[in-house]
Amino acid sequence: MRRRNPPPPSPLPQRDGIDAVRVRLPFEGSWATVREHLVERLTGAGPGVVAGMFDAGLVVGVDGKAVPADAAYVPGMFVWFHREPAAEVRVPFAVDVVYRDEHIVVADKPHFLATTPRGGHVTETALARLRRKLDVPALSAAHRLDRLTAGLVLFTVRPEERGAYQTLFRDKRVRKEYEAVAPYDPALALPRTVRSRIVKERGVLAAREVEGEPNAVTHVEVVERRADGPARYRLTPTTGQTHQLRVHMNALGVPILGDPLYPEVTAPVPADDFRRPLQLLARALEFTDPVTGTAHRFRSARTLQAWSSYSEWAAP
């Protein structure tokens, strides 16, 4: 069995808060040169793009020096490069810093902003913005929120401590509280704890409940309701399956307002349409700091628009 060693640090600095792409050449393959492999691997980059990167000296090795276009293929070799990011529509809402010390940053993320770079969202992410704003290149996310969900996200400052904070979430030692606005059903008996098995298949937008041992648990209660209007709910999950809260609220017959996936997948909206955000907010995070021993409790200062002003949220 081949021993796994940690990858070497990137020889390239970040660009606009984004790390360079790291590629490790497969141990098995018949490519003659590094360039030949990357041309085949990065087919989505477009014709001539990879060749242009080599010509410009933008692909570098562990020593930070440009890899020649005719460099021989070496199994297990690491190379780095920056991709030219596609143009992204700016999310016109700020990421607020709730708390910061030498170990962690707690941010209050707006709707529509992804937590970390993924897919078509790279520079317009909470992580990239905070790295630039705080000048902390090593900042990393300890967990994630869906792009459409607003609220609290925990980031770590020191790479060597990230695992300790991620373990908090893995071991369910973080108390998370969410708030949602959804229809009110007088026939729905609440509070209750919902338990089900949720699966999310690659390439399928919506998750679904299936038969089997529950892997998703959410406590649901009504905080308050308005006559002839929606209700405000408190959701307390003890697990973290993809779309768990959205799936459970939909299963109860009260899907969260503004949800484009549940109860049915709706047509995509333009990238610059920031109306009717999903009415789901990560309201509170509570945990004991694994590094300092400090007991932390943080609360989001955001409000859900469908509760504070339903007519404005629902306006065409």
Side-chain angles (χ1 to χ4, degrees), residues 6-24 45 53 58-60 62 64 78-170 174 176 240 271-272 274 277 281-282 285 287 289-292 294 296 298 300-302:
S10 173
L12 293 176
Q14 289 176 356
R15 182 189 295 173
D16 293 327
I18 305 301
D19 294 321
V21 176
R22 183 187 72 231
V23 172
R24 190 175 196 183
M53 290 166 54
L58 301 180
V59 180
V60 305
V62 69
F78 286 97
V79 296
W80 289 261
F81 55 88
H82 280 288
R83 282 180 173 167
E84 289 300 322
E88 297 180 46
V89 174
R90 178 167 176 78
V91 177
F93 313 111
V95 182
D96 300 321
V97 175
V98 175
Y99 176 84
R100 179 185 181 184
D101 64 23
E102 60 184 317
H103 305 284
I104 62 173
V105 171
V106 179
D108 204 350
K109 183 184 83 66
H111 296 286
F112 301 109
L113 189 68
T115 302
T116 57
R118 185 176 184 183
H121 306 283
V122 180
T123 58
E124 278 301 289
T125 60
L127 179 62
R129 282 196 189 181
L130 289 170
R131 282 175 170 175
R132 298 193 297 265
K133 177 180 178 179
L134 304 178
D135 193 22
V136 182
L139 196 71
S140 296
H143 68 123
R144 291 179 177 83
L145 285 184
D146 288 345
R147 185 178 68 87
L148 299 183
T149 303
L152 300 179
V153 185
L154 175 64
F155 295 87
T156 62
V157 174
R158 299 175 175 176
E160 67 271 18
E161 295 175 349
R162 185 186 183 201
Y165 291 97
Q166 289 180 312
T167 298
L168 289 177
F169 292 90
R170 185 197 67 191
V174 178
K176 296 179 287 185
D272 59 352
F274 300 109
L281 172 68
L285 279 179
F287 60 92
D289 194 301
V291 177
T292 67
T294 303
H296 290 300
F298 304 107
S300 169
R302 298 185 184 277

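FYI, the numbering just counts along the sequence from 1.
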(request) Compare every heavy atom of F274 with every heavy atom of P92, then report the nearest pair and how far apart it is. (result) CD-CE1, 3.3 Å
(request) Could you tell me the separation between the CG atom of L139 and the CD atom of Q14, rounded to the nearest 0.5 Å? (result) 9.0 Å
(message) Is it true that S10 and R22 share a donor-acceptor pair across their side chains at a distance under 3.5 Å?
(response) no
(request) Locate the shortest heavy-atom distance separating T125 from V122; write the atom from each residue and the value. (result) OG1-O, 3.0 Å
(request) Kindly compute the distance separating CZ (R132) from CG (D16), expressed to the nearest 0.5 Å. (result) 6.0 Å
(request) Mind listing the closest non-hydrogen atom pair of P117 and L127 along with its distance? (result) CD-CD2, 4.1 Å
(message) Less than 4.5 Å apart, side chain to side chain, heavy atoms only: is that true for V91 and F112?
(response) yes
(request) Would you indicate whether the side-chain heavy atoms of H296 and I104 approach each other to under 4.5 Å? (result) yes
(request) Please report the closest heavy-atom contact between R302 and A94, naming both atoms and the distance. (result) NH2-O, 2.9 Å
(request) Side-chain contact test, heavy atoms from C-beta onward, threshold under 4.5 Å: evaluate it for K176 versus L285 and give yes or no. (result) yes
(message) Nearest 0.5 angstrom please: T167 OG1 to R162 CZ, how far?
(response) 11.0 Å
(request) For K109 and T149, indicate whether the former's side chain and the latter's backbone hold a donor-acceptor pair under 3.5 Å. (result) yes
(request) Determine which pairs satisfy salt bridge (Lys or Arg N to Asp or Glu O under 4.0 Å) with at least one residue from residues 114-131, sequence neighbours left out, and list them in order. (result) D19-R131, R90-E124, E124-R129
(request) State whether the side chain of H143 and the backbone N or O of Y165 hold a donor-acceptor pair below 3.5 Å, judged by distance alone. (result) no
(message) Has D146 got a side-chain atom pairing as donor or acceptor with L148's backbone, closer than 3.5 angstrom?
(response) no
(request) Report the distance from atom CE of M53 to atom CZ of R83, rounding to the nearest 0.5 Å. (result) 8.0 Å
(message) Looking at every heavy atom in both E88 and H121, which two are closest together, and how far apart are they?
(response) OE1-CA, 3.6 Å
(request) Could you grab the distance from atom CG of D108 to atom CG of L281, nearest 0.5 Å is fine? (result) 7.0 Å
(message) To the nearest 0.5 Å, what is the distance between OG1 on T294 and OH on Y99?
(response) 6.0 Å
(request) Return the minimal non-hydrogen interatomic distance between A282 and S300, and the atom names on each side. (result) O-CB, 3.7 Å
(message) Once you measure the plane-to-plane angle for F298 and F287, does it fall in the parallel (<30°), tilted (30-60°) or perpendicular (>60°) bin?
(response) tilted
(request) Walk me through it: do V136 and L130 pass the test side chain to side chain contact (heavy atoms under 4.5 Å, CB included)? (result) CA-CA 8 Å; V136 182; L130 289 170; over 6 Å; no
(message) Go through it in stages, so that I can follow the logic: the residues are V97 and F155, the test is side chain to side chain contact (heavy atoms under 4.5 Å, CB included), and I'd like the CA-CA distance, side-chain angles, deciding distance and then a yes or no.
(response) CA-CA 11 Å; V97 175; F155 295 87; over 6 Å; no
(request) Would you tell me whether T156 and E161 have side-chain atoms, one donor and one acceptor, within less than 3.5 Å of each other? (result) no
(request) Please examine the side chains of R100 and V105, heavy atoms only from C-beta on, and report whether any two atoms are closer than 4.5 Å. (result) yes
